[in-house]
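Scroll down for the structure; my scribbles are underneath it.
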Amino acid sequence: MAKPAPNLMDKIVSLCKRRGFVFAASEIYGGQGSTYDWGPLGVELKRRVKEAWWESMVYARQDVVGIDSAIIQSPEVWRASGHVGGFSDPLIDNKTSKQRYRADHLVEAKIEKYRKKGKMDKVQELTEKLNTAIADNAALKQLIVDEGIKCPVSGTDDWTDVRQFNLMFETHVGALQDSASVAYLRPETAQGIFINFNNVVTATRKKLPFGIAQIGKSFRNEITPGNFVFRTREFEQMEMEFFCRPEDAPRWYSYWQEQRYQWYLDLGVTPEKLRMREHAQDELAHYAAGCGDVEYLFPFGWSELEGVANRTDYDLKKHSEASGTSLTWFDQEANEHVSPFVIEPAAGCDRTAMTFLVDAYDEEGDGKEQRVVLRFHPKIAPVTVAVFPLVKKEGMPEKAAEIEAMLRPYFRTAMEENQSIGRRYRRQDEIGTPFCLTVDGESAVDGCVTLRERDSMAQQRVPIANLVAVLQNSIVAWQRPQPAEIVS
RNA sequence: GCGGCUGUAGCUCAGUGGUAGAGCGCCACCUUGCCAAGGUGGCUGUCGUGAGUUCAAAUCUCAUCAGCCGCUCCA
């Protein structure tokens, strides 16, 4: 029987391991589920992603500043934000069908049944019961039993107990592991921004509208991680909270959706595999008045890269109430306090890096002649330019080393002198290096090297003295190759 | 967490009770004069982990860990 061809994700996972982009974590101890370490090339890719994001969100603008807040904040932060109470799901399993359900969703489905039958008194009664039982596992279980709710799959009422899955990781601060010292690893970077609102306003004298950006690790005890680095329990976020007047929020909401969508296109992501998807009303988080996702078509389907949400004034108000510190902005001209609305573009760094890997992956030809190439935008490629001696003699390796040293302050460089020139080109193609330079016998005479471009494999002679400028121009001018231009 | 499938070299995999293998890759030397050439030599494995059955286990049994696909969640 013919073996099924390995799918795209398998090929990418394998390439990531082999070439040093991503490794399974704790591998020598048998692995740790769904955790990954970024290798020498992967860390460069991720750094480039973060640099490109910061460049576009902070450096390219006058209305956004950055911060780097603590991962472990006061537990009060997460109580006020609703994460301690609300960031957990009551789950229940049916022992016969082995299906798992959200316990509250089962009750809601029952309420919906009553509504359709017009039994509005039952609707009201059960809704109230659900509201009081929602935080109490035993009461929720009792409600399901009392209502005679059966598993939609097996039709039995053979239920397990209700268990809470809180998505926040707990830890202990200080020497004693008692409940008083419980702390949480942040499940999002956003709250660190909200609680510093006054500090940033005072320190930077920013006026509405303005934004605060942050890149950092967040932690969620996901029930189902998976799809390689797409969903992991420890992940890096790139978030920006943009504060504006409530009446301007809809406009900024659209603005940031467009900006963020365009960012991926500018870095070369295939337009046909990128879309904005507006959330339906019942999908919205408790704090949001609107949310649109930037989605990418992965081999496993359309998946969210980034959410752009209108968080309203929910967070600042909650923290104002809970802390007793008013988090508002004072408008001198109108002589009034404004409670700003927040537009939040929140992206996942690891999954964005993975998007670039998946989107850049290409194969040309087949069998022995096959060329695997990562068509990264030169701005995010881990190595920008590799330098080779055509052969290992006549001073070519020394000249190549000299050129590599000359370029090192300007670009991420690499040098290779082993094996044939063709093989070295292929190796660089596979890690997405956009430019290769080859020193040959003529170089000592004419002061030129061959510049070979990754996507077209086209070559040109370039004077060594002009290399920095030529490469810098080529990086800026790079465009994603159209299918017709790709040599196959 | 539950169900189904899977785990052998860096990667892809063969090996169904009897001496652990192939291709690719990697390293050294020679060769090589612009797109995965060739020669010679070399490196690499607790057969995921632990226990059991057996004269003998990569192979059979149990447990455990990890991965993939489904169910609930999300950046």
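Proteins come first, then strands; the chains are lettered A, B, ... in the order of their sequence lines, and each starts at number 1.
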Residues 380-403 of chain A, side-chain donor-acceptor partners within the protein, below 3.5 Å, at least two apart:
unit_1, atom_1, unit_2, atom_2, d
Lys392(A), NZ, Asn418(A), OD1, 3.1
Lys399(A), NZ, Glu402(A), OE2, 3.1

Checklist entry - Stepwise, does the side-chain contact (heavy atoms from CB on, under 4.5 Å) test hold for Arg220(A) with Phe235(A)? => result CA-CA 8 Å; Arg220(A) 288 180 198 176; Phe235(A) 58 103; 3.7 Å; yes
By the 4.0 Å heavy-atom rule, please label [X] as base, sugar-phosphate, or nothing.
X         : result
Phe23(A)  : nothing
Leu305(A) : sugar-phosphate
Asp429(A) : nothing
Ser303(A) : nothing
Phe230(A) : base

Taking only the [atom1] atom of each, what is the distance from [N] to [M] in whole angstrom?
N      : M      : atom1 : answer
G42(B) : G15(B) : C1'   : 25 Å
A14(B) : A28(B) : C1'   : 30 Å
G21(B) : G67(B) : C1'   : 24 Å
C13(B) : A51(B) : C1'   : 29 Å
A75(B) : U61(B) : P     : 44 Å
C43(B) : C27(B) : C1'   : 7 Å
G52(B) : A9(B)  : P     : 25 Å
U8(B)  : G45(B) : P     : 15 Å

Item to check | Partner residues of Ile195(A) under the side-chain contact (heavy atoms from CB on, under 4.5 Å) criterion, sequence neighbours left out | outcome: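 For Ile195(A) the side-chain contact (heavy atoms from CB on, under 4.5 Å) partners, ignoring immediate neighbours, are Gln73(A), Val77(A), His319(A).
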Item to check | Residue list, side-chain contact (heavy atoms from CB on, under 4.5 Å) with Lys141(A), at least two apart or on another chain | outcome: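 side-chain contact (heavy atoms from CB on, under 4.5 Å) list for Lys141(A), sorted by chain: Ile92(A), Val145(A), Trp159(A), Asp161(A), Val162(A).
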To the nearest angstrom, how far is [X] atom [atom1] from [N] atom [atom2]?
X         : N      : atom1 : atom2 : answer
Glu188(A) : A75(B) : CD    : P     : 8 Å
Leu437(A) : C35(B) : CG    : P     : 17 Å
Asp455(A) : C35(B) : CG    : C1'   : 15 Å
Leu15(A)  : C26(B) : CG    : P     : 13 Å
Arg260(A) : A75(B) : CZ    : P     : 15 Å
Lys11(A)  : C68(B) : NZ    : P     : 19 Å
Phe298(A) : C69(B) : CZ    : P     : 13 Å
Asn221(A) : C73(B) : CG    : P     : 16 Å

Item to check | Listed partners of Arg231(A) passing side chain to side chain donor-acceptor pair (under 3.5 Å), at least two apart | outcome: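 For Arg231(A), no residue satisfies side chain to side chain donor-acceptor pair (under 3.5 Å) once neighbours in sequence are set aside.
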Please list each protein N or O that sits under 3.5 Å from an N or O in nucleotides 28-34 of chain B, with the distance.
unit_1, atom_1, unit_2, atom_2, d
A28(B), OP2, Asn418(A), ND2, 3.3
U32(B), O4, Lys392(A), N, 3.4
G33(B), O6, Glu394(A), OE1, 3.3
G33(B), O6, Glu394(A), OE2, 2.5
G33(B), N1, Glu394(A), OE1, 3.1
G33(B), N2, Gly441(A), N, 2.7
C34(B), O2, Tyr425(A), OH, 2.6
C34(B), O2, Gln459(A), NE2, 2.7
C34(B), N4, Asp440(A), OD2, 3.0
C34(B), N4, Thr450(A), OG1, 2.9

Checklist entry - Think Ser218(A) has a side-chain N or O under 4.0 angstrom from the OP1 or OP2 of A75(B)? => result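 Answer is no, no contact under 4.0 Å.
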Checklist entry - Within the pair Arg427(A) and C26(B), is there a side-chain N or O less than 4.0 Å away from OP1 or OP2? => result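 So the side-chain polar atoms of Arg427(A) do come within 4.0 Å of the phosphate oxygens OP1 or OP2 of C26(B), strictly under.
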Could you tell me the Watson-Crick or G-U partner of [N], where both distances fall under 3.5 Å? Say none if there is no partner.
N      : answer
C60(B) : G52(B)
G3(B)  : C69(B)
C26(B) : G42(B)

Measure all distances between protein nitrogen or oxygen atoms and nitrogen or oxygen atoms of nucleotides 7-11 of chain B, and list the pairs falling under 3.5 Å.
unit_1, atom_1, unit_2, atom_2, d
G10(B), O3', Lys17(A), NZ, 3.2
C11(B), OP1, Lys17(A), NZ, 2.6
C11(B), O3', Ser14(A), OG, 3.2
C11(B), O2', Ser14(A), OG, 3.0

Next on the checklist: Between Gln257(A) and Tyr253(A), do the side chains contain a donor N or O and an acceptor N or O under 3.5 Å apart?
Outcome noted: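 Present: a donor and an acceptor within the cut-off.
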Item to check | Pair Thr270(A), Arg480(A): side-chain N/O donor-acceptor within cut-off below 3.5 Å | outcome: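 Their side chains do contain a donor-acceptor pair, which is all the 3.5 Å distance test asks for.
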Checklist entry - What are the two closest non-hydrogen atoms of Trp53(A) and Glu239(A), and how far apart are they? => result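 Minimum heavy-atom separation between Trp53(A) and Glu239(A): CH2-O, 3.3 Å.
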Checklist entry - Is there a donor N/O on one and an acceptor N/O on the other, under 3.5 Å, for the side chain of Arg231(A) and the base of C73(B)? => result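 Between C73(B) and Arg231(A), which were checked side chain against base, a qualifying N/O pair under 3.5 Å is present.
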Checklist entry - Do the two ring centres, one from Tyr264(A) and one from Tyr296(A), sit under 6.0 Å apart? => result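 No, ring centres 6.0 Å or more apart.
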Checklist entry - Do other residues, nucleotides or ligands put more than 12 heavy atoms under 6.0 Å from Arg19(A) CZ? => result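 More than 12 within 6.0 Å, yes.
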Next on the checklist: Can you tell me which nucleotide in A37(B), C69(B), A75(B) comes closest to the side chain of Glu304(A)?
Outcome noted: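 Closest of the options to the side chain of Glu304(A): A75(B).
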Item to check | Arg454(A) vs Phe435(A), side-chain contact (heavy atoms from CB on, under 4.5 Å): CA-CA, chis, key distance, verdict | outcome: CA-CA 6 Å; Arg454(A) 176 195 65 205; Phe435(A) 307 108; over 6 Å; no
Checklist entry - Do the ring planes of Trp252(A) and Tyr255(A) sit parallel (below 30°), tilted (30 to 60°) or perpendicular (above 60°)? => result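 Perpendicular: the ring planes of Trp252(A) and Tyr255(A) meet at over 60°.
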Checklist entry - Want to settle it: does Glu236(A) or Ala458(A) sit nearer the 5' end of RNA chain B, counting the closest nucleotide to each? => result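 On the 5' side of the pair lies Ala458(A).
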Next on the checklist: Let me spell it out: for each of Gln237(A) and Gly226(A), pick the nucleotide of RNA chain B with the closest heavy atom. Which residue's pick is nearer the 5' end?
Outcome noted: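 Mapping each residue to its closest nucleotide by heavy atoms, the 5'-most match is Gly226(A).
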